[in-house]
Amino acid sequence: MEIPSKYDPTTTEDKWYAYWMEHKLFRSVPDERKPFTIVIPPPNVTGVLHMGHMLNNTIQDLLVRRARMRGYNALWVPGTDHASIATEAKVVQKLRKEGIKKSDLSRDAFLEHAWEWTHKHGGIILEQLKKLGASCDWERTRFTMDEKYYDSVIDCFLDLYKKGKIYRGERMINWDPAALTALSDEEVIYKEVASKLYHVKYAIAGSTSEFITIATTRPETILGDTAICVNPKDERYLHLHGKKAIVPLLGREVPIIADEYVEMEFGTGCLKVTPAHDPNDFLLGEKYKLEVVNMMNADGTISPAGQLYVGMDRFEVRTKIVEDLSAAGHLVKTEEHINKVGYSERTDVVIEPRLSLQWFVDMKELSKPALDHVMDDTIRFFPPKFKNAYRNWMENIKDWCISRQLWWGHRIPAWYGPDGTFEVAKTEAEALALFQAKNPAITASDIQQDPDVLDTWFSSWLWPISVFDGFYKEDEVSYYYPTADLVTAPEIMFFWVARMIIAGYEYRGTFPFRNVYYTGIVRDKQGRKMSKSLGNSPDPIDLMAQYGADGVRVGMLLSSPAGNDLLFDESLCEQGRNFANKIWNAFRLVKGWEEKVDNTVVQPESARVAIEWMNARFQAVLADLNDDYDKFRINEALMSTYKLVWDDFCAWYLEMVKPAYGSAMDATTYAATISIFENILKVLHPFMPFLTEEIWHFISERAAGTGSLCVATWPEANEANPALLGKFDQFTEVMIGLRNIRKENNIPQKEKLSMKVKAANADTTFDANIIHLGNLESIEYSSEKPSNSFTFIVNGNEYFVPFTANVDVEGERKKLTDELNYTKGFLKSVEAKLSNERFVNNAPAAVLETERKKQSDALSKIAMIEEKLSTLN
RNA sequence: GGGAGCUUAGCUCAGCUGGUUCAGAGCAUCUGCCUUACAAGCAGAGGGUCACUGGUUCGAACCCAGUAGCUCCCACCA
């Protein structure tokens with residue numbers, strides 16, 4: 001059979017993914033095994049795969065595949081999020097392109113479009129995840145608007161309402177004038193912008209000469225002014241307390257009040273108060289019973305209450321009113337000013353603080369267990385530094401505004417009667433019954449359901465429960481919940497992670513996941529966040545086509561410790577691809593031996609030792625690997641595996657057991673090599689599932705399905721034999737010594753050499769390999785020190801390779817002299833330490849001991865080198 | 001304004017309890033090799049004031065204080 005010298009992932013990947021699906025190897029149902037569960041952070045239903053997903057899902061797949069191999073009943077639940085505002089925005093945009101305005105459509109007609117869009121684009125991302133190799137149980141794919149899931153969201157609302165945790169209230173909320181909806185605080189992004197601070201003077205009522213000057217960045221809100229406020233301690237304005245000011249352009253008289261809230265140092269120390277359009281002003285308004293003038297419409301235009309500029313956009317008005325103020329002589333000056341302005345996360349328009357009736361969740365009590373159990377490490381954060389931010393947020397948690405003025409989502413189960421009262425109920429019939437209990441005359445046509453939907457996160461916070469229909473049946477949720485690990489981005493720690501923990505304690509009485517692994521942000525080489533608008537993000541599908549899914553997986557994991565941003569560079573994928581190719585070629589070599597196996601050939605000593613060592617080495621790395629996984633040091637686990645394969649297995653082991661060209665191989669060595677290779681494939685599998693599965697089946701016939709590598713048993717941990725590993729290190733040093741002699745003196749590898757050893761610590765374990773790999777005639781042990789030889793020292797043993805024909809004796813002398821000088825310098829530093837009385841008196845015995853050993857070793861080495869120098873002639 | 005974190009080789013980062021894993025890894029670079037698994041490879045080599053300043057200690061990349069720079073999170077200074 002001819003195997004190509006380069007690994008070709010394209011056909012392999014599709015073949016094995018189909019195989020895994022066909023044999024339902026990712027399927028999980030409860031059984032007697034211990035469960036290991038991961039729920040996917042559901043991507044937006046109409047989203048496409050980006051690099052962040054790649055990183056995130058590669059890690060999840062890695063964890064779940066390893067757990068599966070370790071005998072857990074491993075389940076990775078996939079699904080998508082309806083992403084109410086994001087999806088609705090996309091649908092609105094698409095309709096606009098077709099010349100349809102949302103406002104022209106009925107709710108039902110709009111939802112029909114939205115579902116159509118969802119069915120068309122929904123699940124693309126899940127198909128893309130399959131390309132990556134994601135081992136999800138696809139039969140369980142959930143959507144946050146599935147019928148049952150929808151029900152659980154509504155039931156959760158009803159439950160919290162009954163518990164008095166949900167209330168409706170008029171609050172200052174963040175209003176998105178483009179999407180025409182309220183946003184939670186977390187959906188507002190503050191950006192520093194260069195703006196202007198306008199100083200505007202207001203006349204004092206009853207005086208023609210007196211003025212008071214305020215400073216504002218939003219002059220258009222002057223239309224909503226109902227007071228002027230100064231600090232009571234501010235001596236500049238004492239004389240104005242209790243007087244009234246006249247709002248420019250409008251001529252409205254407003255009170256001048258005094259409150260500590262005003263900073264005397266900022267601006268003029270004098271603040272205009274617009275209770276309807278600023279959260280702080282709103283509080284002042286409540287405190288001083290001020291009039292509330294709501295001068296802005298939902299879309300950011302001026303309302304009739306503003307009196308002037310009615311119907312104009314808020315930003316046009318800003319320009320216009322400044323001109324008018326200036327013309328009327330009210331503008332004192334304009335300063336450049338940097339301030340922070342809130343933008344909508346989704347639509348990127350400036351948020352308008354707006355007074356409105358919204359639904360809220362009272363978070364104070366609900367969140368308590370969620371705070372405590374992260375702080376006491378019941379739920380562990382990786383890296384733990386995020387506990388700080390979490391605590392900070394949880395300790396200052398505010399009520400959660402959960403209503404959104406959108407159509408796409410879970411509709412709020414509240415109905416309003418003709419008198420404005422409301423009832424919360426699961427269905428309209430139930431609501432009607434509640435109304436009729438109070439007033440039998442009310443009919444269905446008298447009541448109307450709240451038009452708003454719930455915040456997306458009000459559904460996704462139930463994800464770890466509701467994917468198992470945990471609100472309705474126990475069989476699955478009691479088995480799979482709490483889940484094992486959650487892999488997500490720190491950006492959604494408050495949006496999602498914290499709230500899932502809260503819901504978990506509220507509805508299951510325990511944590512939703514044991515570990516939270518926070519990935520970093522995938523950035524480009526210059527450290528910029530990858531984004532569509534910058535165009536700096538490669539298409540993951542293209543990448544996988546180019547480097548193979550395994551190559552990209554390795555590339556993603558090579559340099560991404562938890563919580564650290566990943567500076568992505570395609571060369572990482574290249575390295576991943578090269579690694580895949582290396583493994584492939586190791587396989588080709590081993591496969592090539594199969595037909596050379598000869599039962600009559602006796603196993604060479606060199607191979608016997610090599611096998612023993614390789615097994616020990618494997619065990620040592622396996623121990624590290626398991627430890628790295630436990631600590632979520634994913635990139636270190638990968639690097640250990642990388643070195644195990646490349647350095648230990650390929651560079652050393654395979655060379656040690658490789659039979660001479662054309663020679664046969666003994667059966668024992670071949671079998672052992674296959675066994676080692678299989679173990680290596682197992683630990684590689686979570687990183688590179690496709691390639692390893694391919695080789696696994698090339699190695700031998702496997703039972704259909706059950707013989708798949710992804711359900712093979714993770715290698716058992718055993719003693720590593722550290723003594724042998726130590727001897728091996730010594731062996732490699734001898735080999736390096738020999739290679740250097742050849743290299744420096746241009747002695748071809750083909751030329752056989754002989755070697756003599758004056759051994760202080762004779763150990764012949766690896767001699768057969770030294771002869772084999774070093775291409776030596778022999779190794780002779782003697783107490784003699786042969787002259788005219790190349791020499792090197794390893795662990796107190798002196799190695800001599802007699803000069804061959806054309807030798808540079810001077811060069812050899814210089815080399816020895818350099819080494820001598822270095823060793824003398826080293827000795828000097830050690831002796832300086834040892835002659836320091838305070839060191840000798842204070843350092844622990846063990847440290848002292850090693851220093852003394854260093855000293856004696858250096859002394860004997862110096863003696864050896866000097867002696868060798870004297871034998872050169 | 002408050003908080004957290006970071007600064008170690010050209011790049012990305014390890015360095016866990018202060019001392020034999022103590023100055024490391026991978027990549028990149030340079031040199032020599034198409035050696036019958038692999039040039040997507042092999043054999044070697046160079047490269048660091050551990051941000052800076054001081055302190056503690058017999059001993060500091062590591063602990064403490066300060067300084068500088070960078071990053072992130074939180075917060076309504078108009």
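Owing to the predicted nature of the structure, the values given are computational and were not obtained by experimental measurement. Just so we're on the same page: letters track the sequence lines, and every chain starts at 1.
Contact annotation: A:W646 reaches the phosphate of B:C42 (side-chain N/O to OP1 or OP2, under 4.0 Å). Taking only side-chain nitrogens and oxygens, A:R739 comes nearer than 4.0 Å to OP1 or OP2 of B:G44. Contact annotation: A:N578 side-chain N/O to B:G41 OP1/OP2 distance is under 4.0 Å. The phosphate of B:A37 has OP1 or OP2 within less than 4.0 Å of a side-chain N or O from A:K658. For the OP1/OP2 pair of B:C27 and a distance below 4.0 Å, the side-chain nitrogens and oxygens of A:Y642 include at least one atom meeting the criterion. OP1 or OP2 of B:G15 lies within a sub-4.0 Å distance of a side-chain N or O belonging to A:R633. Look at A:K582 and you'll find a side-chain N or O under 4.0 angstrom from OP1 or OP2 of B:C42. Phosphate contact (OP1/OP2 of B:C74, side-chain N/O of A:K340, threshold under 4.0 Å): absent.
Closest contact between the side chain of A:R577 and the listed nucleotides B:A78, B:A40, B:G32 involves B:A40. Listed nucleotides B:A25, B:A37, B:U36 differ in distance to A:E655; the shortest reach to its side chain belongs to B:A37. The side chain of A:K385 has B:G5 as its nearest neighbour among B:C58, B:G5, B:A78. Of the candidate nucleotides B:C73, B:A43, B:C38, B:C38 has the atom lying nearest to any side-chain atom of A:N581. In the set B:A37, B:G32, B:A14, B:A14 carries the atom at the smallest distance from any side-chain atom of A:E636. Listed candidates were B:G44, B:A37, B:A39. Nearest to the side chain of A:L654 is B:A37. Proximity note for A:N339 (side chain, C-beta onward) versus B:A78, B:A39, B:A4: the nearest is B:A78.
Separation of the C1' atoms belonging to B:A40 and B:A28 is 16 Å when rounded to the nearest angstrom. When the C1' atom is compared between B:A14 and B:A25, the two are found 7 Å apart, to the nearest whole Å. Atom P of B:U7 sits at a distance of 13 Å from the matching atom of B:C52, rounded to the whole Å. The separation of B:A39 from B:C34, taken at their P atoms, amounts to 13 Å, rounded to a whole angstrom. Separating the P atom of B:G66 from that of B:G5 is a span of 14 Å, rounded to the nearest Å. Comparing B:G44 with B:U49, their P atoms are spaced 27 Å from each other, to the whole Å. Nucleotides B:G2 and B:C11 are separated by 33 Å at their P atoms, to the nearest Å. Annotation: B:A23 and B:U36 have their P atoms spaced 41 Å apart (nearest Å).
Judged by Watson-Crick or G-U wobble contacts below 3.5 Å, the nucleotide B:A68 has B:U7 as its partner. Under the Watson-Crick and G-U wobble criteria, each requiring two contacts below 3.5 Å, nucleotide B:C77 is left unpaired. When Watson-Crick and G-U wobble pairs are counted only if both distances are under 3.5 Å, B:G44 pairs with B:C30. The partner of B:U20, taking Watson-Crick or G-U wobble pairs whose two distances both stay under 3.5 Å, does not exist in any strand shown. Judged by Watson-Crick or G-U wobble contacts below 3.5 Å, the nucleotide B:A60 has no partner. B:U35 is unpaired under the criterion used here, namely a Watson-Crick or G-U wobble arrangement in which both key atom distances are under 3.5 Å.
Of the inter-residue distances, the one linking A:N280 atom CG with A:M172 atom CE reads 9.0 Å to the nearest 0.5 angstrom.
If you check every strand for non-hydrogen atoms under 4.0 Å, A:I736 touches sugar and phosphate atoms only. Contacts of A:V262 with the nucleic acid, taken as non-hydrogen atoms under 4.0 Å apart, include base atoms. Among the heavy atoms of the strands lying under 4.0 Å from A:L271 is at least one base atom, whether or not backbone atoms are also near. Using a 4.0 Å heavy-atom distance criterion, A:E395 is classed as making no nucleic acid contact.
Rounded to whole Å, atom P of B:A40 lies 19 Å from atom CG of A:L558. In this entry the distance linking CG of A:D278 with C1' of B:A78 reads 7 Å, nearest Å. Going from atom CG of A:L638 over to atom P of B:G26 covers 13 Å, rounded to whole Å. The distance from atom CD1 of A:I492 to atom C1' of B:C73 is 15 Å, rounded to the nearest whole Å.
Between A:F579 and A:W646, the ring planes lie parallel to each other; the angle is under 30°, not in the 30° to 60° tilted range.
By the rule that a glycosidic angle within 90° of 0 means syn, B:U20 counts as syn.
Put simply, the side chain of A:L753 reaches to within 4.5 Å of the side chain of A:R742, judged on heavy atoms.
When each of A:L197 and A:L589 is assigned the nucleotide of RNA chain B with its nearest heavy atom, A:L589 is the one assigned upstream, toward the 5' end.
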